[in-house]
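A, B, ... follow the sequence lines: proteins, then strands. Residue 1 opens every chain.
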Amino acid sequence: MAKGGFVTSITRQSEDFPGWYNDVVLKAELAAYSPVRGCMIIRAYGYAIWESMRDELDRHIKATGHSNVYFPLFVPRSLLEKEAEHVEGFDPQVAWVTRAGGKDLDDWLAIRPTSEAIIADSVKDWIQSYRDLPLLMNLWNNVVRWELRTRLFLRTTEFLWQEAHTFHATEEEAATEVETGLECYRKVAEDWLAIPVIRGRKSEGEKFPGAVYTTAIEAMMRDTKALQAGTSHMLGQNFARSAGIEFLDRDNQRKHPYGTSWGFSTRMVGATIMAHGDDAGLVLPPNVAPLHLVVVPIARTEDERAAVESVLEPLERHLAEVTTASGPLRWQVDRREESPGFKFNHWELRGVPFRLEIGPRDVSAGQAVLVRRLDRAKETLSLDRIASELPARLLSCQADLYRRAVEFRDANSHVVDDYETFKSTLNDQGGFLYAHWCGQASCERQVNEETGATIRVIPFDGEPEAGRCLIDGRPSAQRVVFARAY
RNA sequence: CGGGGUGUAGCGUAGCCCGGUAACGCACGUGCUUUGGGAGCACGAGAUCGCGGGUUCAAAUCCCGCCGCCCCGACCA
């Protein structure tokens, strides 16, 4: 049975979640370690998942009026240092080019950790009038942040992402834009990746350096820890002021525009893995799965092989014409010289939503067995119905995966009112803890230092409710979400 | 940067204490038998033992120095 091979070497999720995650990423060939410390190689299968969510998000970004642009990888030191809080926040994480062209540089070049600074400097010439606003730009690029502790996809020194940067005439319009960006992320997370998220505002301590405030979507992984899945920032006039961006408004007054920025990264590949995976490996939502269906022919003898092939030929013609919610059906027949059991495990590890087994018994009955990755539910379908049934099966699989994630999150969310209960619940069960907080940074810090939990978000759709802060008992008008986080 | 560990074939390890020119499992190649939950047998290919120096007739093994990586603590999409 399971001797050698990888059934024994993929760590069980319940035993060691980080070990499980690492095994899945490496063995499903999503990524590999690179010669550069903290940097990863994204392999074909992992990159296909990224491309799927990237393209979907790109559609939402364009549909909301933004245009893709590109800005340089290097940020001159003088620009990066203009916004005081921004520099201070990023300084420890910036990688510098200090030597080039065979000589030391007088003006160091930062490898962008994010592009607010260089964009603010560049757009000051483009914005003269309120008629030049809003300016709605988006960049798909790579950034570098010198992390001390890295993890594949979740936190790497270099990562791929999208950063939107916008400028507006009024604060109200900028605030709406912050919501627009976050809504793009919510749609991709929930509708495409089947990951339910909580939208909310970050506390002062957790906000982006240089922002007025930061909003985020927060998701729960299958170990009940939280993961920040996308952030959208109100920059106010901070960068505009330090870069000297001014426009002449309708009232003939010179004003600084209001900025926003928002980002979504390859971290979401990690989120998708951790939100849905199980002991057999990845479980991919159909919308992002590089393959929707793998067909495993089963045959012992030459005659059986010929019989199976004879039904595969018309089936393949039909599969080629199937259209799904995420484009043409993505499918493959696995004709490798491996045992069926090997192939089942191979594709389950890779999270392919459905597999179709076709053996001699099926051929004579004119049917095949469709097995769903999510719960290994088996269904026998007549051969001529399979192609036409698949789009509906993929839709219900996507919906069931989302529903399972919602149920899991709800089952691991707790409402707590006092600090002792908070601590014991966190230690015994983990998950999201809804509790009252007075808004003071000192209370937030105390919880973090004593329990390891942080305030993930102050939810937008939280019910107003009078209560008392966990720590100092001061009044609070709404519960916030505490959790241990990635 | 502080503390702990580790480096031998693509991966995981043994050998090191007690020096004698490298072994095992997985993966890989060829052939035959196999195939409804990780197949079997046979043959085969693959390693200047992290790097540099030293001791010795002889170093993966002993000595000195360096480097890399991993785990734990302060930062983060």
Side-chain angles (χ1 to χ4, degrees), chain A residues 1-10 16 18-19 22-23 26-27 32-38 88-94 112-114 141-151 153-164 185 202 205-209 211 214 216-219 226-233 261-271 280-281 296-302 304-305 308 334-349 355-363 365 367-369 371 376 378 380 448-449 452 454 485-486:
Chain A
M1 299 249 34
K3 57 182 172 190
F6 45 81
V7 94
T8 45
S9 56
I10 174 167
D16 173 11
N22 241 343
D23 283 350
L26 297 172
K27 288 173 195 289
Y33 288 110
S34 79
V36 186
R37 187 182 72 94
E88 193 190 337
F90 273 107
D91 184 59
Q93 288 185 273
V94 175
R112 64 176 163 227
T114 178
N141 63 23
N142 56 339
V143 292
V144 167
R145 296 180 186 176
W146 215 255
E147 301 289 352
L148 297 172
R149 199 154 142 53
T150 58
R151 297 198 52 195
F153 287 113
L154 299 176
R155 185 173 305 113
T156 46
T157 298
E158 179 191 12
F159 58 93
L160 307 182
W161 75 344
Q162 154 278 126
E163 44 175 325
Y185 298 158
K202 288 283 177 180
E206 297 276 329
K207 75 167 193 190
F208 176 79
T214 288
I217 54 172
E218 205 74 22
L227 183 82
Q228 180 172 302
T231 48
S232 183
H233 315 290
S261 70
W262 26 289
F264 176 106
S265 75
T266 35
R267 161 178 269 199
M268 283 307 281
V269 176
V296 179
I298 299 162
R300 219 170 291 117
T301 65
E302 276 306 317
E304 287 175 353
R305 206 181 314 277
V308 170
D334 187 353
R335 291 190 168 88
R336 290 178 299 169
E337 292 291 324
E338 300 283 358
S339 72
F342 178 91
K343 293 173 185 175
F344 297 165
N345 286 282
H346 178 90
W347 295 113
E348 283 181 1
L349 171 63
R355 82 161 171 265
L356 191 68
E357 306 176 16
I358 306 183
R361 296 203 294 269
D362 300 310
V363 172
Q367 62 183 38
V369 179
V371 184
R376 285 192 181 145
K378 293 194 179 185
T380 301
N448 180 232
E449 283 168 4
T454 48
Y486 278 95

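Between B:G37, B:U35, B:A77, one nucleotide has an atom nearer to the side chain of A:Arg300 than all others, and that is B:U35. Closest to the A:Phe342 side chain, of the nucleotides B:G37, B:G36, B:A39, is B:A39. The side chain of A:Asn345 sits closest to B:G37 out of B:U34, B:G37, B:A77. The side chain of A:Arg376 has B:G37 as its nearest neighbour among B:G36, B:G37, B:A74. The side chain of A:Phe159 lies closest to B:A77, out of B:A77, B:G37, B:G36. You'll find that the side chain of A:Val371 is closest to B:G37, out of B:A77, B:G37, B:G36. Counting only heavy atoms from C-beta on, A:Leu148 has its side chain closest to B:A74 among B:A74, B:A39, B:A77. Among B:U35, B:A39, B:A77, the nucleotide with an atom closest to any side-chain atom of A:Thr156 is B:A77.
The residue A:Pro92 sits apart from the nucleic acid: no heavy atom pair falls under 4.0 Å. Base contact: A:Val369 has a heavy atom under 4.0 Å from a base atom. The residue A:Arg305 sits close to a base: some heavy atom pair falls under 4.0 Å. Among the protein residues, A:Glu304 comes within range of no part of the nucleic acid, since none of its heavy atoms lies under 4.0 Å from any strand. Across all strands, A:Gly359 comes closer than 4.0 Å to base atoms (heavy-atom distances). Residue contacts for A:Gln228: at a heavy-atom cut-off of 4.0 Å it reaches the sugar-phosphate backbone alone, with no base atom in range.
Counting only distance, with no hydrogens or angles, the side chain of A:Lys202 and the backbone of A:Phe208 share no donor-acceptor pair below 3.5 Å. One N or O on the side chain of A:Thr266 and one on the backbone of A:Leu160 form a donor-acceptor pair closer than 3.5 Å.
No hydrogens or angles were tested; on distance alone, a donor-acceptor pair under 3.5 Å links the side chain of A:Arg355 to the base of B:G37. Judged by atom type and distance alone, A:Ser265 reaches the base of B:A77 through a side-chain donor-acceptor pair under 3.5 Å.
Shown here are the ring pair (Phe, Tyr, Trp, His ring centres under 6.0 Å) partners of A:Phe264, two or more places apart in sequence or in another chain: A:Tyr185. Listed by chain and residue number, nothing satisfies the salt bridge (Lys or Arg N to Asp or Glu O under 4.0 Å) test with A:Glu163 (two or more places apart in sequence, or in another chain).
In this structure, A:Trp347 and A:Arg355 have side chains that are not in contact, with every pair of non-hydrogen atoms separated by 4.5 Å or more.
For A:Phe153 and A:Glu357, each mapped to the nucleotide of RNA chain B holding its nearest heavy atom, the one lying further toward the 5' end belongs to A:Glu357.
Considering only side-chain N and O atoms, A:Arg267 lies nowhere under 4.0 angstrom from the phosphate OP1 or OP2 of B:A77. Proximity of A:Ser339 to the phosphate of B:A39: a side-chain N or O atom is located under 4.0 Å from OP1 or OP2.
Rounded to a whole angstrom, the distance from the C1' atom of B:G53 to that of B:A45 is 34 Å. Distance noted for atom P between B:C66 and B:G10: 28 Å (whole Å).
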Would you list the protein and nucleotides 68-73 of chain B atom pairs, both N or O, that sit under 3.5 Å from each other?
residue : atom : partner  : partner atom : Å
B:C72   : OP1  : A:Arg149 : NH2          : 3.1
B:C72   : OP2  : A:Arg149 : NH1          : 2.7
B:C72   : OP2  : A:Arg149 : NH2          : 2.9

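Rounded to an integer number of Å, the gap from A:Glu147 CD to B:C75 P is 12 Å.
By the 30° and 60° cut-offs, the orientation of the rings of A:Trp161 relative to A:Phe159 is perpendicular.
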